[in-house]
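Heads up: the structure comes next, in structure tokens.
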Amino acid sequence: MPTLDLINLRKQFGSVTNPVVAVNDLNINVADGEFLCILGPSGCGKSTALRMVAGFEEPSGGDVQIDQQSIVNMPPNKRPTAMVFQKYTLWPHMKVYDNIAFGLKLRHLPKNQIDQEVQASLELVGLGKYGDRYPAQLSGGEQQRVAIARALVLKPKILLLDEPFSNLDALLRVRLREELRQIQRNLKITAVFVTHDQEEALSLADRIAVMSKGELQQLDKPATIYARPKTLFVADFIGAMNMLDGEVSGGVVKVGNQRLPAPAECVAAPAKIAIRPEDVTVTQTGEGAWHGRITQVSDLGHYRKVFVQSPDLGMLKLYLPKSVEVNDGEMITFKPTRFLIFQGPLPPFEVKL
Amino acid sequence: MVGLALVVLFALPLVIVIWHGLGADFISHISTPTALQALRLSLITSLISLGICIFFGTPLAYGLARWRFRGQHLLETLTDLPVVLPPAVAGVALLLTFGRRGALGPWLAEWGIALPFTTAAVIMAQVFVAAPFYVRTARLGFAAIDRHFEETALVEGANAWQIFSKIMLPLAARPILSGIILAWTRALGEFGATIMFAGNLEGVSQTMPLAIYIGFERNSEIALALSIVLITLSGSLMYLLRVVEDQSKQE
């Protein structure tokens, strides 16, 4: 059963005296049949990590193991991995059939078996009749489907995908994402998917590895990543977040003119208070109510995005249900219902009101 | 409009050559033994030169395009140099190296090989001036291929030779064809290095350009007829080049 382990994986570029660390002591385990997303902004090292798994980059340290067997000394063409790139994926001089059959022909399979497997993989991605076409005759989405078919036809132990849908328009991206997820579930193939698109990661992944500046920030299920970000970076990068400066003292955290309860474990020191835009409730004025002037209202279908200028806390972003009446320029009073207190590099404290 | 002056400078002499040549019983002049021999020699030598350029030039271009190594720019400059070097300099250089009294001359003589004033010398001169056109064009062609095409082949299990033959070579087919056309036309038109290194012996080293040069002093009609052949041949090849380049742009 294929598993993938990145163990203390490290990659540095540049000279010995002036190294640039692209990936720093990365530890990620991918379970059999799991769909793992590596998520991070561009330059965070996520692609470099994937390229070390594929064998295009040689690790500066650490190990890559498939089924507990190290593969770092194995050339890329011997590794049991297949890869789908973002662009320039299909060879333009070969028909779709030949693109998919390429790896099978290299393995000297009999012609009728190649025919069958190519056809089966084309049908898997819904392009059963496209074998005779050239890549230039396909749309971008179709090309990526063929690229996925070509990767899957080799029955790799690990499927690697490097931002495969980033060049497609938004609607198509969502559709292909769902198709890929379905295929991956049916085949129970172990997959690693690199993306900078958090929505893509949140909707696709069994677990997400968030990276920043070459380091793993958090490795958790999407819901956990969203609800309980472990670091300030993750809190800020995933979803929308109101980040406020606070000061903890004696079981209370002061934010602007407001006081919020803080767990006893909090040390008396400055802190960052993180509030999701949806973790607020509109209230009457009174004890503990926050207020501000509404500067912008956007209707986003099933909820409203509201910007509120607070006299002491600056601009806040709130997601409010449509049952709440809000108008540009009016005053609004509200209370946070849930927030996180970040102090130093430690995981945050969660407070529910 | 100003640019037209240049076009006139190109076109007028060519038109006049064709006008004179075709007027003066073209068929009988082109069928003289001298003309036919020059034509035959030119075609054979230039095709052999072309083969040598492709055989040795393709791996060189591939290596230069893909590998980063110390002295790379130097090597690239070296392979580009004959493009701008006067062919006479190439002739001198070849003579000083492979001539009877050249650097390698005595050593070659021990093996019973004398290169100057042979058909082999014609081919060497042609390769010297034509190969850079091929290597340069093919190198740029290989270098323009996105690395993902190659990396995909690698994860699919292809080895270095399979990547070269099944992926890179077909993807660079058009630039390589351009390079072949350029090198061939250059080899066909080669004059300076040939006359210095290979001499001007009818049937041995007297290619079309040489026959034109000599013929112009003795029998200008043959020179004109051969000129027309060269103009037509090179013109067709250059036109073919345009077609190839247009097609690769469309892709």
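To find a chain, count down the sequence lines: A is the first, B the second, and so on, and within it residues start at 1.
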Residue part contacting chain B, namely of A:Arg150, when any heavy atom lies under 4.5 Å:
both
Looking at B:Lys166 and A:Met94, what are the two nearest heavy atoms and their distance?
O-CE, 3.7 Å
Closest non-hydrogen atom pair between B:Phe149 and A:Trp91, with its separation:
O-NE1, 2.8 Å
Go through the steps to decide whether B:Ile167 and A:Phe102 satisfy the test side-chain contact (heavy atoms from CB on, under 4.5 Å), and finish with yes or no.
CA-CA 10 Å; B:Ile167 306 292; A:Phe102 184 79; 3.9 Å; yes
Heavy-atom neighbours of B:Phe69 CZ exceed 12 at 6.0 Å:
yes
Distance check, rounded to the nearest 0.5 Å: B:His148 atom NE2 versus A:Lys87 atom NZ?
8.0 Å
Within 6.0 angstrom of A:Asp132 CG, more than 12 heavy atoms from elsewhere
no
Shortest non-hydrogen contact from A:Pro76 toward B:Leu154:
CG-CD2, 3.5 Å
Side chain, backbone, both or neither: which part of B:Ala173 has an atom under 4.5 Å from a heavy atom of chain A?
neither
Give a yes or no on whether A:Phe13 atom CZ has more than 12 heavy-atom contacts from other residues, nucleotides or ligands under 6.0 Å away.
yes
For the residue pair B:Ala158 and A:Asn77, what are the closest heavy atoms and their distance?
O-ND2, 3.0 Å
So what's closer than 4.5 Å to chain B heavy atoms on A:Leu104: side chain, backbone, both or neither?
neither
Just wondering, more than 12 heavy atoms not from B:Leu4 lying within 6.0 Å of its CG?
yes
State the CD-CZ distance between B:Glu156 and A:Arg107, to the nearest 0.5 angstrom.
7.0 Å
For A:Leu106 and B:Gly157 the tightest heavy-atom approach is CD1-C, 3.6 Å
Step by step, would you call A:His93 with B:Leu171 a side-chain contact (heavy atoms from CB on, under 4.5 Å)?
CA-CA 7 Å; A:His93 63 291; B:Leu171 285 178; 3.4 Å; yes
Under 6.0 Å from the CD atom of A:Gln113, do we count more than 12 heavy atoms belonging to anything else shown?
yes
